[in-house]
Structures are given as structure tokens and as C-alpha cells.
> 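What follows is a structure written as C-alpha cells; I'll ask about it next.
Computed from a predicted structure; not experimentally measured.
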Amino acid sequence: VGETLREIHIGLLGAGTVATGVVRLLAENAEKIEARLGARVRIVRIACRDQDKPRDPSVARDLLTTDPASVLDDPDIDIVVELAGGVDNVYEHLLAALRGGKHVVTANKALLAAHGETLMTTAAQHEVDLFYEASVGGGIPIIRSIREALASDRIDALYGIINGTTNYILSEMTARGETFETVLAMAAAKGYAEADPSLDVDGHDAAQKLAILTTLAFGTSVAVGDIPTEGIRAITPHDLRMADELGYVVKLIASAVDTPHGLDVRVAPAFVAKDNLLSRVDGVFNAVLLQAHACGFQLFYGKGAGMMPTASAVVSDVIEVSRNLLQGRHGRIPGFGFRRKRHSAPKLAPPELSRARYYLHVDAVDRPGVLGQVASILGEYDISIAEMKQSGRDRSAAVPVVMLTHDADEGRIDAALRRIDALEVTVNKTRRIRVVEPEVAT
Ligand code: NDP
Ligand code: HSE
């Protein structure tokens with residue numbers, strides 16, 4: 001005699017890349033999920049914008065609707081899975097879902113970075129769960145790891161390659177000499193890029209994810225707008241070649257480091273030494289390197305974007321919510337890991353006090369004495385040069401002079417570069433890229 005299984009009903013908001021992965025994964029692993037839960041998970045409605053758009057055959061047409069209210073207001077739906085993206089609309093939708101007593105799973109880091117606290121409070125008030133594993137690191141279980149597995153420890157620093165699109169672009173430009181535009185189009189075709197890819201290439205997606213990780217790791221919420229953010233648009237094939245010659249690769253690094261001056265948070269392209277584990281993270285792979293007081297360094301590595309890795313994280317949240325729901329529980333683990341804020345206002349370290357080695361690219365006319373002028377200004381600001389290269393010779397035009405400095409304060413570097421850029425012998429704005437060197441060599 002067949003056992004009557006409880007059914008958990010899912011309403012999807014979104015029928016795009018990740019939502020399609022969720023539909024597929026729930027179907028492919030239905031038997032395993034049923035065995036794990038002792039209950040069946042069924043998608044009962046899928047909201048999209050355009051019902052007539054061609055879609056993957058796994059997305060049942062008869063479940064599609066263009067009316068999100070038919071997901072949000074249906075008393076038969078237990079969990080709303082938000083995979084539509086954007087901020088304002090979905091914020092209202094998710095508030096309505098939570099207030100209506102529905103659990104929520106989302107992959108939307110932009111939404112969480114902007115309204116995470118309010119959404120978590122609303123979930124707690126209405127005795128439901130809100131999970132978001134897919135919002136950072138795609139398929140890597142980084143949120144659960146920080147919030148649960150490392151709840152015993154004190155995290156001192158985190159360094160992440162947490163945007164798959166930019167990592168894919170930098171890797172392809174480095175390995176195959178492809179142009180930025182060609183690789184960006186490839187990343188979009190593979191479903192890695194955001195609907196608005198400037199969120200990826202200008203570093204904002206990484207900053208949103210860093211805001212989430214910082215809250216989880218340090219118990220301190222940081223506004224995305226307070227994170228100094230630089231994307232990869234200005235990185236040139238010449239930078240990539242110079243990095244290679246000097247023993248580095250260029251990566252977009254999101255970092256949060258607890259320093260005596262406060263939390264040093266930033267998203268920026270960085271030189272990473274070839275013997276550092278992070279330098280080996282290529283393509284759509286992401287990695288988060290945590291430095292914790294008791295357990296030392298831990299590296300989390302896996303696919304950070306794309307249909308199935310992201311769907312894997314979303315479905316794991318659906319299973320987690322379902323487990324709670326079947327036991328009549330909710331809110332066992334606080335949304336961002338802390339029941340009480342550790343600091344009411346975050347104390348961020350002033351960027352100008354942050355110390356690092358720097359790669360500098362100065363375009364200067366090829367004339368005797370010019371390098372001396374540049375070096376002497378750097379010396380005035382206590383910046384010493386570890387290595388210097390002039391690429392090519394052309395007495396009629398400017399040539400790139402690149403150098404690696406020893407450790408220097410960012411404020412001094414910027415002040416020196418303002419002076420260098422004002423010289424009559426330099427052209428273009430001098431570019432600087434930090435060297436990021438968490439001390440874990442292979
Ligand atoms: P897509 O653009 O592929 O899909 C978005 C879907 O949402 C589409 O089906 C669209 O409908 C639907 N939609 C958009 N607005 C509305 C609305 N107002 N009402 C109803 N439906 C709407 O996005 P992705 O699947 O790539 O991303 C979804 C979310 O997951 C985003 O928050 C993204 O940041 C996040 N994410 C994405 C990852 C990835 O690798 N792609 C990885 C991790 C997180 P229609 O199809 O009709 O246009
Ligand atoms: N656009 C994002 C990325 C998707 O490229 O990392 C995963 O969050």
C-alpha cells in the first residue's frame with residue numbers, strides 16, 4: 001500500500017536561467033529529495049514576464065503566469081522561490097510573501113544587500129524562514145559554512161573571487177588573448193552575467209556579495225555604498241601581460257579584513273602571486289578564502305555562476321526550509337547569523353591607511369631623467385620601488401613604465417600619483433593595482 005506523502009508546494013518567481021535549473025534539478029533528483037525529506041516537493045506555479053517566450057521544455061507551460069500575485073496570494077503555496085532578479089518590485093513581492101506566512105528562498109544578492117535586514121526581521125515576525133545560499137558563490141555552500149560550521153570561530157579576514165563573469169573574462173583574456181567585449185558576450189550566453197552586466201564588470205555584484213559575507217562573518221552590516229568598489233573595465237591586455245612577466249595574475253578580489261583601524265572592505269582588481277591558491281581560480285569558478293582565529297585558513301572553491309550550480313544551492317535551501325516546515329520550526333538560525341548586532345554602526349578602516357604593495361603603470365615620455373623624476377616623487381612619499389620595467393623604446397611618444405612598490409599606505413600612493421600625473425613628462429592618468437597576498441602559498 002503506497003504511503004501518502006505530504007506535498008510541499010513551491011511557487012517560483014522567475015522562469016529564466018536559474019529557475020530553469022531549479023525545475024530540472026527538482027525533477028532529476030525527485031526521488032532522492034523525497035527520500036531525504038519523507039515528503040514530496042512540487043512546483044505549482046511559475047511567474048514570468050512573457051508567457052509566450054520560448055523556454056526550456058522542462059518548464060511546464062501550464063504552470064506559467066504573468067501575475068506574481070497568483071503565487072504570492074495562493075494559500076496552497078508553502079515556499080516562494082524568488083529568481084526574478086531586480087530590487088524594488090521583488091522587495092514588495094517578498095514582503096507580501098513573508099507577511100502572508102510563506103517561507104522564501106532567493107538568489108538575489110542585490111535585494112539582500114539593499115533590504116536584507118528588513119526582510120529578515122519581517123520573516124522573524126511572521127515566523128517563517130528566508131534562505132539565500134545561492135546569492136553568494138553560486139553552488140559553493142559558503143553562507144551555511146560561515147553561519148553554521150564556523151559559528152564557533154572568529155573570522156579575521158576574508159578574500160573572495162565572487163563574481164564568475166569577471167573571473168571568466170579575466171581568465172579568457174589572459175589565457176586566450178580574447179577581447180573584453182568578446183568574452184563578456186560569451187559569459188552572457190552561458191548565463192553567468194547579470195541582466196545588466198555592468199553590475200558584474202563594474203564590481204557592484206561583488207560588492208553586494210561582499211556586504212552579505214561581511215555581515216555573516218563579522219556580525220557588522222556594511223552598506224554596499226560604503227564599500228570602495230572598482231571593476232575590471234580599465235584592465236588592459238598590457239596589464240595582464242605585465243602581471244604575467246612579474247609572476248602574478250590579475251583577479252577581481254573582494255576582501256574584508258579586520259584591522260586595528262576597523263574593517264578594511266573593498267572590491268578591486270588585484271595582482272595575485274602565481275604561487276597563491278587564489279591565482280588558480282579560473283573561469284566561472286569562485287573561491288572564498290577565510291582566515292579564522294582557531295581553524296586557520298579555509299578555502300571554499302566551486303562554480304560561482306550558471307544554471308545548475310546555482311540551482312543546486314537554491315534547491316538545498318528549499319530542502320532546508322522543507323525540513324523546518326515539516327517539523328513546525330522556523331528561525332532556528334538567525335538570518336545573518338547573529339541574534340544581536342555586534343556593532344550598531346560599522347567602523348570601517350579609512351582606505352588611505354590601508355597598506356599594500358602596488359603595481360603602478362605610468363605613461364611617460366622616453367627622455368633621460370624621467371624615471372628619476374618619478375622615482376624621486378615616490379621617495380618623497382616614502383614609497384620604495386621593488387621592481388621597475390620600461391616596455392619598449394619610442395623617443396617620439398610616451399612609453400609605459402611599470403613598477404612594483406614595497407608596502408605603502410594607499411593615501412601616500414594616491415598623493416604621489418597626483419604629483420606624478422601633474423608632471424609635464426607624463427601622459428594619461430597613472431593606474432595602480434594592489435597586490436593582494438593572503439599568506440597561503442601552495
Ligand atoms: P534571468 O534573467 O535568466 O531570469 C529572470 C526571470 O525572471 C525571467 O524568467 C523573467 O521573465 C522573470 N522576471 C523578471 N522580472 C519579473 C517580474 N517582475 N515578474 C515576474 N517575472 C519576472 O535571470 P537569472 O536566472 O540569471 O537570475 C535570477 C536571479 O538569480 C538574479 O537575482 C541573479 O542575480 C541571481 N543569480 C544568478 C546566477 C546566475 O548564474 N545566472 C547565479 C546566482 C544568482 P521572462 O523570462 O518572461 O523574461
Ligand atoms: N552574475 C553573477 C556572477 C552570477 O557572474 O558571478 C552569480 O551570482
Side-chain angles (χ1 to χ4, degrees), residues 2-86 88-108 111 128-134 188-191 194-195 306-323 325-326:
E3 177 191 5
T4 317
L5 281 182
R6 159 98 198 253
E7 272 200 355
I8 292 165
H9 291 164
I10 309 291
L12 280 180
L13 295 179
T17 305
V18 184
T20 303
V22 168
V23 172
R24 282 203 206 161
L25 202 57
L26 282 172
E28 280 166 22
N29 292 348
E31 208 184 308
K32 271 203 192 77
I33 293 170
E34 208 171 291
R36 285 196 162 113
L37 281 177
R40 192 169 293 144
V41 175
R42 188 156 69 87
I43 296 172
V44 298
R45 203 153 302 117
I46 306 176
C48 61
R49 276 176 305 202
D50 175 1
Q51 223 161 327
D52 300 324
K53 208 173 181 175
R55 297 191 191 271
D56 188 276
S58 58
V59 178
R61 292 225 158 251
D62 59 336
L63 298 185
L64 290 176
T65 171
T66 52
D67 177 18
S70 69
V71 171
L72 303 170
D73 299 340
D74 182 345
D76 206 30
I77 288 177
D78 302 292
I79 308 174
V80 171
V81 177
E82 186 276 304
L83 301 166
D88 296 338
N89 255 344
V90 287
Y91 179 48
E92 294 306 323
H93 288 160
L94 294 194
L95 281 179
L98 296 167
R99 287 174 184 147
K102 296 191 192 319
H103 302 274
V104 166
V105 171
T106 179
N108 191 333
L111 174 71
V128 288
D129 279 325
L130 191 174
F131 287 166
Y132 53 98
E133 185 60 66
K190 284 174 181 285
E194 295 301 305
M307 181 186 284
M308 298 315 290
T310 312
S312 158
V314 173
V315 172
S316 79
D317 276 351
V318 167
I319 293 172
E320 206 50 32
V321 173
S322 301
R323 284 179 171 144
L325 194 152
L326 290 166

> Which residues pass the ring-ring contact (aromatic ring centres under 6.0 Å, His included) test with F131, sequence neighbours left out?
none
> For the residue pair R61 and R55, establish whether any side-chain heavy-atom pair is separated by less than 4.5 Å.
yes
> Looking at G38 and L5, what are the two nearest heavy atoms and their distance?
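Heavy-atom minimum between the residues: O-CD2, 3.4 Å.
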> Once rounded to the nearest 0.5 Å, what's the spacing between atom OG1 of T17 and atom CE of M308?
12.0 Å
> Let me see the working for V81 and I43 under side chain to side chain contact (heavy atoms under 4.5 Å, CB included), right down to the final yes or no.
CA-CA 10 Å; V81 177; I43 296 172; over 6 Å; no
> Name the residue from L26, V23, L25 that meets the side-chain contact (heavy atoms from CB on, under 4.5 Å) definition with S58.
V23
> Give every donor-acceptor pair under 3.5 Å between a side-chain atom in residues 96-106 and any protein atom, sequence neighbours left out.
| residue | atom | partner | partner atom | Å |
| --- | --- | --- | --- | --- |
| K102 | NZ | D74 | O | 2.6 |
| K102 | NZ | I77 | O | 3.1 |
| H103 | ND1 | D129 | N | 3.0 |
| T106 | OG1 | E82 | OE1 | 2.6 |
| T106 | OG1 | N108 | N | 3.0 |

> Among L12, V59, L64, whose side-chain contact (heavy atoms from CB on, under 4.5 Å) with C48 holds?
L64
> As an exercise, state the distance from CD of E34 to CZ of R40, rounded to the nearest 0.5 Å.
4.5 Å
> Taking R6 for the side chain and L326 for the main chain, is one N or O donor matched with an acceptor at less than 3.5 Å?
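Not at all, since once roles are kept as given, no pair shorter than 3.5 Å links the two residues.
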> Side chains of N29 and V315, heavy atoms from C-beta outward: is any pair under 4.5 Å?
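Not touching, per the 4.5 Å side-chain cut-off.
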> Drop me the distance from D67's CG to D73's CG, to the nearest 0.5 angstrom.
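So the gap between those two atoms works out to 8.0 Å.
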> Sub-3.5 Å donor-acceptor pair from the side chain of D78 to the main-chain atoms of I8, do we have one?
no
> With a 4.5 Å cut-off on side-chain heavy atoms, are M307 and R24 touching?
yes
> Where is the tightest heavy-atom contact between A134 and D317, given as atom of each residue plus distance?
N-OD2, 4.4 Å
> Which atom pair, heavy atoms only, marks the closest approach of A47 to V71?
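Looking at all heavy atoms of both residues, the shortest contact is CB-CG2, 4.2 Å.
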> Which heavy atom in L83 sits nearest to a heavy atom in A107, and how many Å separate them?
CD2-CB, 3.6 Å
> Quick check: does any side chain N or O of S322 sit under 3.5 Å from a backbone N or O of V318, one acting as donor and the other as acceptor?
yes
> To the closest 0.5 Å, what do you measure between CD1 (I46) and CD1 (I10)?
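Between atom CD1 of I46 and atom CD1 of I10 there are 11.0 Å.
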> Any side-chain heavy-atom pair from D88 and E92 closer than 4.5 angstrom?
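Result no, sub-4.5 Å side-chain heavy-atom pair not found.
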> Would you say that more than 12 heavy atoms from the other residues, nucleotides or ligands in this model lie under 6.0 Å from the CZ of R36, or not?
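No, CZ of R36 has 12 or fewer neighbouring heavy atoms, counting only those of other groups under 6.0 Å.
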